[in-house]
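Each remark here refers to the structure printed beneath this line.
Just so it is clear: chains get the letters A, B, ... in the order the sequence lines come, proteins before strands, and each one is counted from 1.
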Amino acid sequence: MLSPVEQFPVLIIAISLLSAFTILVAGLVNKKSCCFISIATILLQFVMSIVILDHVLTVGTIHYWLGGWKPPWGIEYLVDALNAYVLVIVLFIALICAIYSKRSIEHELPHKLVSFYTVFQLLITGMCGVTVTGDIFNMYVFLEIMCIAGYALIASSKIGLKAGFTYLVMGSIGACFVLLGIGFLYSVTGSLNMHDLSLLLPPLYGNRVVQAAFVFFFTGLGIKMAFFPLHTWQPDAYAYAPSAVSVIIAAAMSKVSIYAFIRVLFSVYTVEFIQIYAPLTTVISWLAAIAIIFGSVYALAQYNLKRMFAYSSVAHVGYIMLAVGICTSTTLGLTPAVMHLLNHAVMKGCLFLIAGAFIYKKAELWDIMKFPGLGRKMPYTGIAFIFTALAMCDIPPSAGFVTILYLILAFLEAGQFIFAAVILFSVIVTFCYFFHVVEMMYLRVGVEEEIEKERGEIPMSMLIPVLVLAALSWIVGVIWLMKIPFPILDAVNSMFGLGVVP
Amino acid sequence: MIEWLVEELLAKYNYWVSIILILIGFYAMIAKDNLIKKIIGLNIFQTAIFLFYISLADIGPLPKGTAPIVSEEMIHMGYVYVNPLPHVLILTAIVVAVAVTAVALALVIRLYEEYGTIEESEIIELERQRGM
Amino acid sequence: MIIPIDLALLALIVIIALVAITVKDLLSAIMLLSAYSFLMAIVWVEMHSVDVGFTEAAVGAGATTAFLIAALTRTARWEKG
Amino acid sequence: MSEEKRIYERDVITATISRLMIPFIQLFALYVIIHGASGPGGGFQGGVIFASSFVLYLVVFGLAAAGKRFPEGANTALMSTGVYLYAGVGLLCILISLGVAEYLNYGFIPLTHMFEENRALGMDLVEIGIGITVMAVITEIFFNLVWKKEEEEKEKEEPR
């Protein structure tokens with residue numbers, strides 16, 4: 001006998017799918033209603049995800065066997081602390097983005113409201129599916145649903161077409177690699193359930209097929225999450241997508257891909273595999289370190305605001321992967337990585353919301369050189385930008401600071417001082433590029449009469465999400481410092497057998 | 001040497017063909033300039049992976065099985081059938097493949113309307129001229 | 001599974017795949033892709049996976065080809081270079 | 001009407017043969033959907049075959065005639081109907097079995113008294129739902145790929 005809460009993982013996906021097609025029908029009658037259906041659905045899903053998180057932390061892991069088939073044979077939906085946490089992040093960002101998109105999409109894609117919200121809802125279905133499933137092939141299918149929706153959304157604006165196609169080609173190659181990896185694992189174990197695989201694999205760690213499968217997973221998911229040498233699709237896609245789409249793909253979709261990689265690394269291949277093949281963590285750490293330096297330096301060179309944030313995202317994917325790479329040699333385990341999933345989602349989500357707000361105000365405001373006087377034209381958005389930029393520059397007690405604090409603690413404990421130096425370098429460069437933007441907005445004087453004429457904020461439905469996320473980028477930091485969500489981190493670390501130095 | 005050849009190449013010819021096709025598709029996706037050719041390459045790539053999965057189900061220990069359509073009498077008569085699970089996985093993967101193809105083609109049509117060409121290098125050149 | 005037929009079909013598939021990505025006429029390339037899918041479907045049916053072979057014949061050789069030709073009617077037919 | 005007549009005059013053979021073929025293609029598609037549970041085939045394959053009959057109609061009789069036969073609104077409604085049938089069966093099972101049983105299982109639909117028979121019927125319903133959706137989606141994709149719509153032209157005229 002299951003409690004009703006344990007039915008929620010499957011209901012979250014079913015409701016989202018139903019809503020996507022309800023939007024399609026409602027769009028025939030009334031185009032304006034699409035947005036409200038989407039917001040209502042995501043709100044319901046968000047409440048359900050919070051209930052799931054509470055249930056997981058108080059009662060225990062949720063196992064849902066579809067059709068009543070037991071795990072090695074049937075598909076299992078498995079929600080533990082990490083799943084539930086990522087689910088809450090994804091749905092929160094989706095909620096913010098849906099509220100924001102009402103005016104933004106009406107402005108940018110007025111002829112495509114119905115199809116936009118349908119595909120948006122399918123994207124959320126895919127993201128929820130990847131997070132809740134415990135079956136590796138099911139994860140591939142949901143990953144593809146998510147990415148196909150992502151390709152369509154990025155290419156929905158004219159300037160995003162080329163970026164969307166490039167992403168489609170690279171993403172499909174990544175998906176094919178993941179599919180090959182799954183095939184390799186299936187050929188040696190005969191199982192697709194992640195927990196079952198983690199039990200069957202340890203005797204086979206020396207097998208070439210298993211190792212090749214890992215390389216396929218690493219490459220495929222590396223493309224999906226824009227990890228350093230495979231990030232080439234990412235800056236264009238983030239920069240030229242419609243504003244609301246930039247928010248959801250930068251803040252939520254990349255997190256889901258990283259989650260998928262963490263899940264494969266620690267739930268399918270366990271910590272033992274990483275310890276046997278220790279160079280693996282070295283490779284991940286060094287690639288991540290290069291990603292951080294590369295992303296930060298390239299962000300410094302950009303004049304397109306959204307491109308700058310996109311390169312900054314490359315650096316922050318590097319932060320998370322660096323934390324993953326270091327996790328076996330410290331007592332902190334995955335703590336900084338799991339923390340930064342939330343912190344980066346909130347901060348980068350807010351930054352892309354603000355970039356979208358500037359473009360909403362005036363179409364040419366993607367160029368930093370046209371910013372002078374902007375701070376006085378849009379006072380609230382400007383202040384929100386300053387606060388988020390300070391959080392990105394890791395001023396205590398912001399969200400960015402907490403990540404840096406724990407990352408550096410981890411490096412000091414592991415004795416990897418060079419990575420601490422990399423992080424500090426990145427912080428300085430981050431400060432430089434954000435200072436450049438703030439200087440352009442406030443310290444350079446624009447043409448005065450024009451300012452008086454154009455003063456005016458973005459609409460409330462866009463401003464409130466911006467202010468909420470800007471406030472959260474500091475509140476989250478305080479919450480982490482007060483150690484309120486630490487039960488999640490402890491559960492994740494103990495689940496993967498981390499946090500103990502061998 | 002000849003025994004090795006027979007064992008490694010001929011006995012597992014399905015896998016070798018599947019690898020060759022994967023490489024052909026991968027090459028077309030990366031190196032071809034034409035966008036429709038890239039999509040053709042993508043289809044070849046995916047189909048080759050499906051061939052790999054089907055070979056997994058089929059090439060197993062002897063005796064080789066029959067098609068996995070099972071009835072009572074067949075079980076009584078002691079028929080062995082091939083593993084149906086990879087088949088089911090590939091059914092799902094085919095759905096994904098056709099969805100990717102459809103989205104890619106829609107993008108190609110819109111790219112052609114926007115730039116008047118489906119050659120990637122020309123599109124990049126046009127984008128550069130527009131200063132993006 | 002009859003090995004000579006299998007080998008012949010697979011060899012033909014490889015050749016068709018190679019020609020499909022080299023030929024300059026995109027309509028020919030698409031029709032070759034259709035033939036490729038259909039031969040692949042035959043190979044799969046011959047490997048006892050009737051269900052997948054059936055699907056590939058309907059989807060790969062049918063629907064995908066129809067989509068590709070539909071897209072070709074609204075873009076260019078010849079590959080440059 | 002006039003469009004159809006003109007094609008008749010031009011391509012008598014294709015028009016006649018496709019008029020003969022289309023009902024049989026659709027009948028085969030229905031067979032594939034219904035027999036999906038016990039043999040090769042199923043909702044997806046049947047839906048694709050059903051859609052291919054519409055594709056044939058479009059190829060032979062032209063866009064205008066096909067657009068009159070399959071209006072976009074009806075197609076959209078069919079797409080959603082299929083998904084409602086598909087997800088509705090599952091949701092109904094969860095709702096009915098909420099106090100009784102554990103997991104999503106099609107056996108709980110109150111269609112007959114036999115649990116196993118219920119499960120088979122539930123699967124058939126799901127297959128039919130998938131079939132309807134796939135048919136509508138494939139038709140819609142093909143029409144959209146061929147058809148240049150007025151909306152897109154309107155969008156093109158507007159400066160960005």
Side-chain angles (χ1 to χ4, degrees), chain C residues 1-3 5-6 9-10 13 16-17 20-21 23-80, chain D residues 18 21-22 24-63 66-67 70 123 127 130-131 133-149 152-153 156:
Chain C
M1 187 168 67
I2 308 151
I3 287 179
I5 295 181
D6 224 28
L9 283 174
L10 287 173
I13 283 173
I16 288 179
I21 65 162
V23 68
K24 293 285 174 212
D25 184 354
L26 289 176
L27 188 61
S28 311
I30 291 167
M31 292 321 293
L32 282 167
L33 184 73
S34 177
Y36 166 90
S37 292
F38 201 76
L39 286 177
M40 201 61 119
I42 294 173
V43 170
W44 291 344
V45 169
E46 204 235 354
M47 284 179 178
H48 307 300
S49 64
V50 252
D51 215 354
V52 184
F54 184 47
T55 315
E56 178 68 16
V59 177
T64 306
T65 313
F67 289 168
L68 277 161
I69 292 178
L72 212 59
T73 58
R74 283 174 63 184
T75 55
R77 180 173 163 178
W78 296 91
E79 185 187 8
K80 285 175 195 160
Chain D
S18 59
M21 287 291 290
I22 286 172
F24 286 104
I25 294 175
Q26 291 176 345
L27 194 64
F28 180 57
L30 291 179
Y31 169 84
V32 169
I33 292 178
I34 297 297
H35 284 255
S38 57
F44 181 71
Q45 292 91 327
V48 171
I49 295 171
F50 213 102
S52 72
S53 73
F54 296 158
V55 170
L56 181 62
Y57 189 91
L58 190 149
V59 169
V60 175
F61 294 100
L63 259 176
F70 319 110
M123 273 185 225
E127 293 279 5
I130 296 172
T133 307
V134 169
M135 185 264 292
V137 168
I138 299 267
T139 316
E140 184 80 23
I141 291 173
F142 188 74
F143 274 41
N144 279 342
L145 285 179
V146 178
W147 208 335
K148 196 171 185 179
K149 287 210 190 108
E152 285 173 21
E153 277 161 16
K156 205 169 190 182

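Contacts with chain C (heavy atom to heavy atom, under 4.5 Å) involve these residues of residues 46-54 of chain D, listed by number: D/V48, D/I49.
Chain D forms the most heavy-atom pairs under 4.5 Å with one residue out of C/A71, C/A57, C/A66, and that residue is C/A66.
The 12-atom threshold is not exceeded at CZ of C/F38, counting heavy atoms of other residues, nucleotides or ligands nearer than 6.0 Å.
Sorted by first and then second residue, the salt bridge (charged side-chain N to carboxylate O under 4.0 Å, His left out) pairs involving residues 31-55 of chain D (not counting sequence neighbours) form an empty list.
With hydrogens and angles disregarded, a donor-acceptor distance shorter than 3.5 Å links the side chain of C/S49 to the backbone of C/W44. The backbone N or O of C/L72 lies less than 3.5 Å from no partner atom in the side chain of C/R77, so there is not a single donor-acceptor pair.
Inter-residue side-chain proximity for D/I130 and D/T133 is flagged as unmet; no heavy-atom pair is nearer than 4.5 Å. Within the 4.5 Å cutoff, the side chain of D/L58 has no heavy atoms near those of the D/F70 side chain.
Here CG of C/L68 is found 6.5 Å from CG of C/L33. Values are rounded to the nearest 0.5 Å.
Only the side chain of D/V32 comes within contact range of chain C, with at least one heavy atom under 4.5 Å from a heavy atom of that chain.
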